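First comes the structure, then the notes that go with it.
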Amino acid sequence: MSMLLIDQETKDALQTLYGETIEAMELAKKSPDLDDLAAVFAVAFLKIGHAIGFVEQKYPGFAMDVEAKRQRVLAALMEQAAAKH
């Protein structure tokens, strides 16, 4: 699936969600304990999920494309780790 152009509404919404996700990850770097860190990561995952869901509404199949790419990245990382050992 190739998405070259997105409308301004989608672009603005994604920009907001990305900003919130980055803010959550910045808070994670300052986190004093694991409970706070876990909570901040949970927020970041939630925001990423919202962004994927938002795009999926306008571009059906996007979430499946993201998952397929996630699986390819995981497989490549596992392959790379196995090659080092």
Side-chain angles (χ1 to χ4, degrees):
M1 178 165 130
S2 178
M3 203 172 36
L4 298 176
L5 299 174
I6 57 175
D7 59 66
Q8 191 61 43
E9 178 188 12
T10 302
K11 183 178 177 181
D12 292 344
L14 288 174
Q15 198 61 42
T16 298
L17 287 166
Y18 294 155
E20 291 170 353
T21 303
I22 290 167
E23 183 179 340
M25 296 308 289
E26 287 296 322
L27 288 172
K29 289 193 320 190
K30 299 174 186 174
S31 179
D33 62 54
L34 289 179
D35 286 341
D36 288 345
L37 182 62
V40 172
F41 275 30
V43 170
F45 282 131
L46 181 65
K47 294 294 181 179
I48 291 169
H50 282 258
I52 291 169
F54 185 80
V55 175
E56 175 72 21
Q57 289 176 10
K58 292 193 177 212
Y59 304 96
F62 181 74
M64 285 178 45
D65 190 39
V66 169
E67 179 57 23
K69 288 181 170 105
R70 186 182 77 84
Q71 291 297 326
R72 283 198 332 231
V73 168
L74 286 173
L77 289 172
M78 290 172 49
E79 189 176 304
Q80 184 180 39
K84 288 182 179 179
H85 295 294

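Note that the structure is predicted; figures quoted are calculated from it, not measured.
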Partner set under side chain to side chain contact (heavy atoms under 4.5 Å, CB included) for Ile48, not counting sequence neighbours: Thr21, Ile52
In terms of hydrophobic clusters joined by side-chain contacts under 4.5 Å, are Leu17 and Val66 together? no
Roughly how far, to the nearest 0.5 Å, is the CG atom of Leu74 from the NZ atom of Lys69? 14.5 Å
List the residues meeting salt bridge (charged side-chain N to carboxylate O under 4.0 Å, His left out) with Glu56, not counting sequence neighbours, and say none if there are none. none
Quick test of your reading of the model: are Glu23 and Lys47 salt-bridged, counting only N-O distances below 4.0 Å? no
Contacts of type side-chain hydrogen bond (donor to acceptor under 3.5 Å, both in side chains), residue Arg72, not counting sequence neighbours: none
Holding to side chain to side chain contact (heavy atoms under 4.5 Å, CB included), I want the full list of residues that pass it with Glu79, two or more places apart in sequence or in another chain. none
With sequence neighbours excluded, tell me which residues meet side chain to side chain contact (heavy atoms under 4.5 Å, CB included) with Glu26. Ile22, Lys29
Salt bridge (charged side-chain N to carboxylate O under 4.0 Å, His left out) filter on Lys11, not counting sequence neighbours, yields none
Got a second to check how far Phe54's CZ is from Tyr59's OH, nearest 0.5 Å? 9.5 Å
Glu20 versus His50: any side-chain heavy-atom pair under 4.5 Å? no
